[in-house]
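Positions are given from 1 along the sequence.
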Amino acid sequence: MLNCVFFLFCLFSYPFSYCFQLRAHTVTVLFILTCALVYVTLLEETPQDTAYNTKRGIVASILVFLCFGVTQAKDGPFTRPHPAYWRFWLCVTVVYELFLIFILFQTVHDGRQFMKYIDPKLGVPLPERDYGGNCLIYDPGNTTDPFHNIWDKMDGFVPAHFLGWYIKTLMIRDWWMCMIISVMFEFLEYSLEHQLPNFSECWWDHWIMDVLVCNGLGIYCGMKTLAWLSMKPYQWQGLWNIPTYKGKIKRIAFQFTPYSWVKFEWKPASNLRRWLAVLGIIFMFLLAELNTFYLKFVLWMPPEHYLVLLRLVFFVNVGGVAMREIYDFMDDPKFHKKLGQQAWLVAAITVTEFLIVVKYDPNTIMLPIPFFITQCWLLGILLIFIWTLWRFFIRDITLRYKETRRRKQEVSADRERPQGNGSTATPSGRSKLNGSSETLRQRKT
């Protein structure tokens with residue numbers, strides 16, 4: 001595995017070694033990559049283990065592709081801390097989508113057992129934890145610790161909820177959209193708790209700990225950070241041009257902040273196109289959140305497994321770029337004529353993950369939703385449809401009709417307005433152009 005370590009060193013040392021020199025260095029990376037391949041071919045003895053060699057070959061192929069992408073891929077909208085950093089995550093997105101496509105084309109048994117090649121502990125069905133049950137905030141029956149229900153819910157997911165919504169706020173940059181997604185996901189948990197046991201939570205866990213404390217506090221801190229970033233002066237200076245060490249350290253720290261700031265103004269009610277786009281963004285966000293729970297359920301991964309954490313880290317790095325590309329595509333379609341590459345890949349990944357869930361456990365997905373929950377969702381969808389119809393069709397037609405009627409009334413009033421001799425006759429077109437006959441007579445005299 002020494003060659004893989006060497007590959008990783010070459011790959012990750014490249015962006016940071018040239019952190020303040022925004023150049024690709026394609027020849028340098030090609031030379032280092034060639035040296036690594038020559039070392040593996042001529043100096044390293046190939047093991048006789050077929051499974052080990054297969055894994056090593058796949059890892060090496062992925063690393064070579066990442067080296068190519070870091071140097072040759074198209075730059076995205078972000079440049080800090082280094083364009084190569086975002087090109088790297090773009091290539092990781094491609095690799096992850098290819099991995100999902102591979103899993104999608106396997107049988108359910110083979111796909112679950114394939115996870116053993118990543119971690120031998122996987123491939124075993126795991127019981128889901130039920131967060132419901134006793135929902136008493138103060139349990140008088142437990143004399144030792146009456147508040148044990150609250151302490152049981154204070155696990156590692158509490159700071160994860162806060163940090164997750166802090167980062168989502170930095171991605172979306174809108175308080176209303178964040179709150180709508182946060183509340184809607186709690187309604188989804190209520191609606192789907194008959195499918196996944198860990199969706200079953202106490203009411204205070206849903207609305208107090210999740211929505212108000214964790215999500216609300218994360219959104220609040222995120223909005224404060226956005227306010228600071230929007231007011232921060234962006235005056236970049238070369239590192240070696242700064243005379244003091246304190247200034248150099250501050251400049252290095254600011255390298256991990258945006259190069260410039262763009263305030264997102266979604267304006268969903270401005271026109272039908274933006275309204276449908278915002279609805280699509282909310283839908284994809286909620287679907288990606290549900291995929292987190294359903295994927296670990298169908299692939300038998302425990303919630304604390306490092307693959308679950310890596311997936312969240314992946315979406316943290318690619319989500320911000322995708323949201324910026326979506327906003328640019330919505331806000332200025334004449335300049336951004338097509339959807340950005342990262343946004344396209346994130347949408348494809350979200351759909352592919354959902355298809356894996358549908359294929360691997362259709363029985364869970366097709367469990368009938370309780371009738372009263374179905375009624376609530378149908379009512380909500382109907383209200384959205386009615387509001388859309390009124391806002392972008394009926395209201396516009398009514399406003400246009402009122403404007404046309406007002407103009408007609410103004411024209412009629414102009415025609416009926418009395419002239420100097422008290423008559424209500426409207427001057428002819430020739431009089432409008434040449435003035436009244438009296439004025440013309442005076443001009444001739």
Side-chain angles (χ1 to χ4, degrees), residues 66 69-70 73-101 163-178 180-182 184-185 218-219 222 225-226 229 256-268 273-292 295 309-333 335-356:
L66 293 179
V70 164
K74 179 183 176 182
D75 287 336
F78 292 169
T79 59
R80 300 296 186 193
H82 195 283
Y85 177 81
W86 303 109
R87 292 196 295 263
F88 165 77
W89 283 107
L90 174 65
C91 297
V92 171
T93 308
V94 176
V95 173
Y96 181 53
E97 171 64 8
L98 295 177
F99 169 75
L100 292 176
I101 294 295
L163 183 61
W165 274 103
Y166 174 77
I167 297 174
K168 291 172 190 174
T169 307
L170 298 182
M171 294 180 188
I172 301 175
R173 306 182 189 180
D174 186 85
W175 185 84
W176 278 105
M177 284 183 63
C178 291
I180 289 172
I181 295 174
S182 174
M184 286 296 296
F185 185 75
I219 294 172
T225 305
L226 292 175
L229 290 173
F256 297 91
T257 60
Y259 181 79
S260 60
W261 185 250
V262 176
K263 183 180 180 180
F264 287 2
E265 295 180 355
W266 295 102
K267 299 178 182 178
R273 181 177 179 269
R274 295 182 75 96
W275 169 249
L276 295 178
V278 169
L279 290 181
I281 292 171
I282 294 174
F283 174 78
M284 295 301 289
F285 251 94
L286 294 174
L287 183 61
E289 292 278 355
L290 289 177
N291 288 341
T292 304
L295 272 180
L309 179 61
L310 285 179
R311 180 184 174 275
L312 297 178
V313 173
F314 163 78
F315 272 103
V316 164
N317 284 276
V318 305
V321 182
M323 290 301 298
R324 173 62 184 274
E325 292 177 345
I326 292 173
Y327 180 78
D328 290 340
F329 181 70
M330 289 174 50
D331 196 58
D332 193 2
F335 183 76
H336 301 276
K337 297 182 179 180
K338 60 181 181 179
L339 188 64
Q341 50 193 0
Q342 192 68 271
W344 190 93
L345 286 169
V346 169
I349 284 174
T350 305
V351 174
T352 308
E353 288 179 342
F354 178 71
L355 293 177
I356 291 175

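- No side-chain heavy atom of Thr169 sits under 4.5 Å from any side-chain heavy atom of Arg173.
- The shortest distance between side-chain heavy atoms of Phe315 and Val346 falls below 4.5 Å.
- Few gaps surround CZ on Phe78; more than 12 heavy atoms of other groups in view lie less than 6.0 Å from it.
- Annotation: the span from Ile172 atom CD1 to Cys178 atom SG amounts to 4.0 Å, rounded to 0.5 Å.
- By the salt bridge (charged side-chain N to carboxylate O under 4.0 Å, His left out) test, Arg274 is found to be paired with Asp331, residues two or more places apart in sequence or in another chain being considered.
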- List the steps, then state whether side-chain contact (heavy atoms from CB on, under 4.5 Å) holds for Tyr85 with Val70. CA-CA 7 Å; Tyr85 177 81; Val70 164; over 6 Å; no

- Task: Using the side-chain contact (heavy atoms from CB on, under 4.5 Å) rule, take Tyr166 and Thr225 through it: C-alpha gap first, then chi angles, then the decisive distance, then the call.
- Result: CA-CA 9 Å; Tyr166 174 77; Thr225 305; 2.9 Å; yes

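- In terms of heavy-atom proximity, Lys74 sits nearest to Gln341 at O-NE2, 3.1 Å.
- Judged as a side chain to side chain donor-acceptor pair (under 3.5 Å), and not counting sequence neighbours, Asp174 has no contacts.
- In this structure, the separation between CD1 on Ile282 and CE on Met177 is 5.0 Å, given to the nearest 0.5 Å.
- Once rounded to the nearest 0.5 Å, the distance linking NZ of Lys337 with CG of Asp332 reads 10.5 Å.
- Side-chain contact check for Phe314 versus Val92: some heavy-atom pair is nearer than 4.5 Å.
- Counting heavy atoms from C-beta on, the side chains of Leu286 and Leu290 never come closer than 4.5 Å.
- Two rings, from Phe264 and Trp266, have their centers less than 6.0 Å apart.
- Using a 4.5 Å heavy-atom cutoff, the side chains of Trp165 and Ile181 are in contact.
- Applying the side chain to side chain donor-acceptor pair (under 3.5 Å) test to Trp275 and every residue at least two apart in sequence or in another chain returns Thr388.
- Judged by distance alone, with hydrogens and angles left aside, the side-chain atoms of Tyr327 form a donor-acceptor pair with the main-chain N or O of Glu265 at under 3.5 Å.
- Under the 4.5 Å side-chain criterion, counting only non-hydrogen atoms from C-beta, Met330 is in contact with Ile281.
- With sequence neighbours excluded, the residues satisfying side chain to side chain donor-acceptor pair (under 3.5 Å) with Gln342 are Thr93.
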- Step by step, work out the side-chain contact (heavy atoms from CB on, under 4.5 Å) result for Trp86 and Asp75. CA-CA 8 Å; Trp86 303 109; Asp75 287 336; over 6 Å; no

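- Electrostatic pairing of Arg311 and Glu353 counts as a salt bridge here, judged by a charged N lying under 4.0 Å from a carboxylate O.
- Annotation: the span from Phe185 atom CZ to Phe285 atom CZ amounts to 12.5 Å, rounded to 0.5 Å.
- Atom CD1 of Ile356 is separated from atom CG of Leu100 by 4.5 Å, given to the nearest 0.5 angstrom.
- The salt bridge (charged side-chain N to carboxylate O under 4.0 Å, His left out) search around Asp328 returns Arg324, not counting sequence neighbours.
- Residues Leu170 and Gly222 share a closest heavy-atom pair of CD2-O, 3.8 Å.
- Taking both residues in full, the closest heavy atoms of Asn317 and Val313 are given as ND2-O, 2.8 Å, listed atom of the first, atom of the second, then distance.
- Between Leu345 and Leu90 there is a side-chain heavy-atom pair separated by less than 4.5 Å.
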- Message: Under the criterion side-chain contact (heavy atoms from CB on, under 4.5 Å), I'd like the reasoning laid out for Val318 against Tyr96: C-alpha separation, chi angles, the key distance, then a yes or no.
- Response: CA-CA 12 Å; Val318 305; Tyr96 181 53; over 6 Å; no

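- Partners of Thr350 by side chain to side chain donor-acceptor pair (under 3.5 Å), not counting sequence neighbours: none found.
- At distances below 3.5 Å, at least one donor-acceptor pair connects side-chain atoms of His82 with backbone N or O atoms of Ala84.
- Side chain of Glu325 to backbone of Trp344: no donor-acceptor contact under 3.5 angstrom is found.
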